[in-house]
2 protein chains.
Amino acid sequence: MLQTINNPPIIELLEKHGLRKTAIRTQVLHVFLNRREALSHAEVEELLKDADRITVYRTLKTFEDKGLIHKAIDGGGKTKYALCHGGCSEHAHHDHHAHFHCDDCGKTICLDTVAAPQVQAPGKFRVVATHLVLTGQCDACSE
Amino acid sequence: MLQTINNPPIIELLEKHGLRKTAIRTQVLHVFLNRREALSHAEVEELLKDADRITVYRTLKTFEDKGLIHKAIDGGGKTKYALCHGGCSEHAHHDHHAHFHCDDCGKTICLDTVAAPQVQAPGKFRVVATHLVLTGQCDACSE
DNA sequence: CAAAGAGTGCAACTATATTGCAAAAACAAT
DNA sequence: ATTGTTTTTGCAATATAGTTGCACTCTTTG
């Protein structure tokens, strides 16, 4: 059985977003806090062997809805998530950084220092959000 | 049964990329040439009722490998493809335009006039390609 | 600590995508 | 046009990703 992790930063994150402190949620947050790359459902599941598949899906969805994690677009087939920084809430995500997808190891990493550009779309297109995706070799794979 | 379409531009496209002229391939190209938005496998299948599901998957894959179409990253769950412009080949894709994903109708459209920026990634990251994805309302939905 | 509401786990199901193999079609050479 | 070679196609089976309904359990609040 999964245990609730009693780690202050994790508990605070959940409280701040109005979420109940359950075993799965603390475990999933723990995983995200200890990884720099974005994680897919399958990866979270792999790291939390005793967690139920469907519950992991729902946990990720809930975290996204409440502003704890955001989807990281990377062009790969799977949805990946990464921790939000302050500023995201139930009502809106504000992650304007680029995501780097490594063609070698497949990892997706948030580049917090690289901002997505402001662009002007032609004609009547109304741009609400901009995503910048870089692909190539990550720092670990380019050695 | 699907018929081979004997349309000069379609035939030329296939010949230029060293592909055999089969019924499915001409039909799939026909579909792409008559749509401005990027298409998912499901959409192509829907438009080509008599085509075999698996063959459509393989046709899309082949076209991508040979440089006729490219994946359009849009942040949605499904792989979408759009026609390449001249300049793409078996060896490399050169589509540096932005893709617009409409939150309302779900369509993904190549914005040929909007270029993905050149960006400098930090540290040892080696950037090979840059993708710019805009989301919001497309010209048709923003009326 | 009990009631109410939220979250979890299981089963069943849908959608998306890939692989192996035999039959069919396209192409090149006669 | 006919044949032989190679590529492509169609079917079956299988893999991977994600969703929904329902009953049970846990967290929270008074």
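A note on names: the letters A, B, ... follow the listed sequences, proteins ahead of strands, and every chain is numbered from 1. All heavy atoms count here, side chains included; hydrogens, waters and symmetry mates do not. All values derive from a computational prediction rather than experimental measurement.
The main-chain N or O of Q3(B) is found under 3.5 Å from a side-chain atom of Q27(B) such that the two form a donor-acceptor pair. Looking at E43(B), its side chain does come within 3.5 Å of a backbone N or O of S40(B) through a donor-acceptor pair. A donor-acceptor pair is defined here as one N or O able to donate and one able to accept, closer than 3.5 Å; such a pair exists between the side chain of S142(B) and the backbone of K124(A). H41(A) places a side-chain N or O within 3.5 Å of a backbone atom of R53(A) that can act as its donor or acceptor partner.
Considering only side-chain atoms of T55(A), the nucleotide from dA12(D), dT19(D), dT8(C) that sits closest is dT8(C). Residue I54(A) places its side chain closer to dA11(C) than to any other of dT8(D), dA11(C), dG5(C). Relative to the side chain of R20(B), the nucleotides dC27(C), dG7(C), dT8(C) differ in distance, and dC27(C) lies closest. Checked against dT28(D), dT20(D), dA13(D), the side chain of R53(B) finds its nearest nucleotide in dA13(D).
Here the C1' atom of nucleotide dA6(C) and the NZ atom of K66(A) are 11 Å apart, to the nearest Å. If you take NZ of K78(B) and P of dT19(D), they are 12 Å apart, rounded to a whole angstrom. Rounded to a whole Å, the CG atom of L19(B) is 11 Å from the C1' atom of dT7(D). Rounded to a whole Å, the NZ atom of K61(B) is 15 Å from the C1' atom of dT8(D). Counting to the nearest Å, the P atom of dG18(D) and the NZ atom of K71(A) are 9 Å from each other. Across the protein-nucleic acid pair, E45(A) atom CD and dA15(D) atom P stand 16 Å apart, rounded to whole Å. In this entry the distance linking CD1 of I24(B) with P of dA24(C) reads 16 Å, nearest Å. For the pair D52(A) CG and dC24(D) P, the computed distance is 17 Å after rounding to whole Å.
No engagement by S40(A) is indicated, since no non-hydrogen atom pair under 4.0 Å with the nucleic acid exists. Residue contacts shown for T62(B) are absent, as no nucleic acid heavy atom lies under 4.0 Å away. Using a 4.0 Å heavy-atom distance criterion, R58(A) is classed as a base contact. Residue-level contact check: T22(A) touches the backbone only, with heavy atoms under 4.0 Å from sugar-phosphate atoms and none from bases.
Taking the six-membered ring for Trp and thresholds of 30 and 60 degrees, H70(B) and H97(B) have ring planes more than 60 degrees apart, a perpendicular arrangement.
Residue K21(A) places no side-chain N or O under 4.0 Å from the OP1 or OP2 atom of dT27(D).
Comparing A23(A) and T79(A) along DNA chain D, the residue whose closest nucleotide (by nearest heavy atom) sits nearer the 5' end is T79(A).
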